[in-house]
2 protein chains.
Amino acid sequence: MKGNDDKLLDTRQRLLQAAGEVFARRGFKSATVREISLRAKANIAAINYHFGDKEGLYSAVLEHSLGSALKKYPPDLNVTTKSRAEERLDAFIRSFLSRLLDDGRPAWHGKLVALEIANPTAALDQIIETVIGPLYAHLTVIVRELMADSADEESIHACVFSIMGQCLFFHHSRHVITKLYPQELGAGAIGRLTNHITKFSMGAIKGLAGQAEKMTRGISDNPTSL
Amino acid sequence: MKGNDDKLLDTRQRLLQAAGEVFARRGFKSATVREISLRAKANIAAINYHFGDKEGLYSAVLEHSLGSALKKYPPDLNVTTKSRAEERLDAFIRSFLSRLLDDGRPAWHGKLVALEIANPTAALDQIIETVIGPLYAHLTVIVRELMADSADEESIHACVFSIMGQCLFFHHSRHVITKLYPQELGAGAIGRLTNHITKFSMGAIKGLAGQAEKMTRGISDNPTSL
DNA sequence: GACTGTTTTAAACAAATGTTTTAAATATGT
DNA sequence: ACATATTTAAAACATTTGTTTAAAACAGTC
């Protein structure tokens, strides 16, 4: 019964918590077992005792966090399938950005996935299957509905990429953004960014849909030189 | 006079070449001096002799590459200021994607900068000043022109972020993209992606500009919550 | 209270990695 | 040809980092 709250959790849980924070900040390779065990107020050997090795700890962190990640920020943010596609897009983007930018505690769920995307480890396949794939599928449904039947699957995928890219940008490039425009990622950022990305993407999709419609009616597009 | 072409370059240059490739693939921290000197067919100590330490080598690689990066793919791709803004946007995106996705040799210029953006080292400030900053400024001019005077600076910045984000996405997320859609980043990708991102962004900007114009004329926008 | 299985701890270990040392090889200048 | 400076090479070194070991501390059971 020490004065520290952390001591109320057993070693295994403290390790999971500390490892999540450290892995999300440094990535799998750069994170050290010493920093993790120090932050968890545990012995270095405790990691190997409870999780076998460093990679086992990482897998456990992923499994433990990925489940609760979508629990705190469900991809639809309680905006059901019956809502208009635009509202669902707004909810998707807000949820995605929240998971990436939220600095609350524990907030490393989305950051871990973003790190896996940029610096894959052996766990990438599992994450694609359980998190990234469903996320893409969900967004694809929304985009397909927004483009009506005016677009082929390739265009839909491209638009999904454009939306994901805009969101991930604010995570991957956050250091540069903060240097260039210090107040950009401050308070209220998630709301502002969500509004912008939604409006930007809605305009783009409407534009593409309009173009596709014109093409359907035989009015040739002006192809930019390849 | 050995049979290998590499032997025609002196050790210092072979080290720069090899280090560029390894740093671009693994990042500063994960790259090892042993892999670099092995690939350069040089002794391990040669790095310290010629560049002081690993960080000195990294700085030299950046300095050596950043100059020639914009030489092979100038940001305007010879599309002068007199061209229409849309053409210049297309050229900017194609140039940017080329530097990120080109697998030619040596093609690590853009990749190094992208790695610095996602995993900054002590050299970030210098890179922002010499490369990233001017790049943003260049794109900002184009976007400002595209939005006419219908938009404030904040909206322009946001659109610049959206465009940069779409481009960087295909670099940072290339492993996931290849897993999900194996043929997406194959041959002709740069051309296809450029066309999509240009059209997507042009539609978005036109949409935003139209909205802003409506607001100017007193027709209230429908603000999404928060 | 002794026994047994579990958990924690400190120390040692082994592998990886950046750096330094010292000598040999090579080039340069006179 | 000799002397000097520069470059290369092999080995050793120091540090970091993941892992293992062996003993101590703890918890539960009879």
Side-chain angles (χ1 to χ4, degrees), chain A residues 1-62 64 112 115 119-123, chain B residues 1-62 64 112 115 119-123:
Chain A
M1 195 85 67
K2 312 287 173 55
N4 196 323
D5 272 18
D6 291 345
K7 283 292 179 187
L8 295 177
L9 300 162
D10 62 359
T11 312
R12 196 190 146 89
Q13 299 245 321
R14 294 202 317 275
L15 281 174
L16 279 175
Q17 173 81 22
E21 294 168 12
V22 176
F23 280 138
R25 187 153 32 84
R26 305 215 190 279
F28 173 74
K29 182 152 190 182
S30 291
T32 73
V33 292
R34 276 175 175 78
E35 181 180 356
I36 293 173
S37 44
L38 196 74
R39 177 179 282 253
K41 297 192 207 320
N43 189 275
I44 317 154
I47 289 177
N48 300 94
Y49 176 76
H50 284 284
F51 303 97
D53 56 8
K54 185 185 176 185
E55 202 168 332
L57 172 61
Y58 186 66
S59 296
V61 167
L62 283 181
H64 171 263
L112 273 180
L115 260 173
N119 296 91
T121 73
Chain B
M1 195 86 68
K2 311 288 172 51
N4 195 325
D5 272 18
D6 290 346
K7 284 291 178 187
L8 295 176
L9 300 162
D10 63 0
T11 311
R12 195 189 147 88
Q13 298 243 320
R14 293 202 318 275
L15 280 174
L16 279 175
Q17 173 80 24
E21 295 168 12
V22 176
F23 281 138
R25 187 152 32 85
R26 304 216 190 278
F28 173 74
K29 182 151 190 183
S30 292
T32 73
V33 293
R34 276 175 176 78
E35 180 179 356
I36 292 172
S37 45
L38 196 74
R39 176 179 283 253
K41 298 194 208 317
N43 190 274
I44 317 155
I47 289 177
N48 300 93
Y49 175 76
H50 285 283
F51 303 97
D53 56 8
K54 186 185 175 186
E55 201 167 333
L57 172 60
Y58 186 67
S59 296
V61 166
L62 283 181
H64 171 262
L112 272 180
L115 259 173
N119 295 90
T121 72

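Keep in mind the model is a prediction, meaning the values are calculated, not measured. Residue numbers begin at 1 in each chain, while the letters A, B, ... track the order of the sequences.
The line from CG of A:Leu38 to CD1 of A:Ile44 is 9.0 Å long, rounded to the nearest 0.5 Å. Here the CG atom belonging to B:Leu112 is positioned 5.5 Å from the OH atom belonging to B:Tyr58, to the nearest 0.5 angstrom. Once rounded to the nearest 0.5 Å, the distance linking CD of A:Gln13 with NE2 of A:His64 reads 6.0 Å. Taking OG1 from A:Thr11 and CG from A:Leu16, the interatomic distance works out to 11.0 Å, rounded to the nearest 0.5 Å.
Spacing between atom CZ of B:Phe23 and atom P of C:dT17 amounts to 13 Å, rounded to whole angstrom units. For the pair B:Asn48 CG and D:dA14 C1', the interatomic distance rounds to 13 Å; values are reported in whole Å. Distance A:Lys54 NZ to D:dT20 C1': 17 Å, rounded to the nearest Å. To the nearest angstrom, C1' of D:dT19 lies 14 Å from CG of A:Leu57. Distance A:Ile47 CD1 to C:dA10 P: 15 Å, rounded to the nearest Å. As a whole-Å value, the separation of A:Ile44 CD1 from C:dA12 P is 13 Å. Atom P of nucleotide C:dT19 and atom CG of B:Leu15 are separated by 13 Å, given to the nearest angstrom.
Shown here are the salt bridge (Lys or Arg N to Asp or Glu O under 4.0 Å) partners of B:Arg12, two or more places apart in sequence or in another chain: there are none. For the ring pair (Phe, Tyr, Trp, His ring centres under 6.0 Å) test, no residue two or more places apart in sequence or in another chain qualifies with B:Phe51.
Of the residues in residues 29-38 of chain B, B:Ala31, B:Thr32, B:Val33, B:Arg34 come within less than 4.0 Å of DNA chain C through at least one heavy atom, sorted by number.
Both B:Phe28 and A:Ala45 lie near DNA chain C, and the one whose nearest nucleotide falls closer to the 5' end is A:Ala45.
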What string of B, S and - do you get for nucleotides 22-29 of chain D 5' to 3' if you count protein non-hydrogen atoms under 4.0 Å? --------
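Within the 4.5 Å cutoff, the side chain of A:Asn119 has heavy atoms near those of the B:Asn119 side chain.
Relative to the six-membered ring of B:Phe23, B:Lys54 misses at least one condition, a distance below 6.0 Å or an angle of at most 45° to the axis.
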Strictly under 3.5 Å: I want the nitrogen or oxygen pairs between protein and nucleotides 5-8 of chain C, one per line.
unit_1	atom_1	unit_2	atom_2	d
C:dT7	OP2	A:Tyr49	OH	2.7
C:dT7	O5'	A:Tyr49	OH	3.4
C:dT8	OP1	A:Thr11	OG1	2.2
C:dT8	OP2	A:His50	NE2	2.8

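Side-chain atoms of A:Gln17 and A:Glu21 include a donor-acceptor pair closer than 3.5 Å.
Between A:Asp53 and A:Asn48, the shortest heavy-atom distance links the atoms CA-ND2, 3.8 Å.
Here salt bridge (Lys or Arg N to Asp or Glu O under 4.0 Å) pairs that include residues 29-38 of chain A, with residues two or more places apart or in two chains, are A:Arg25-A:Glu35, A:Arg26-A:Glu35.
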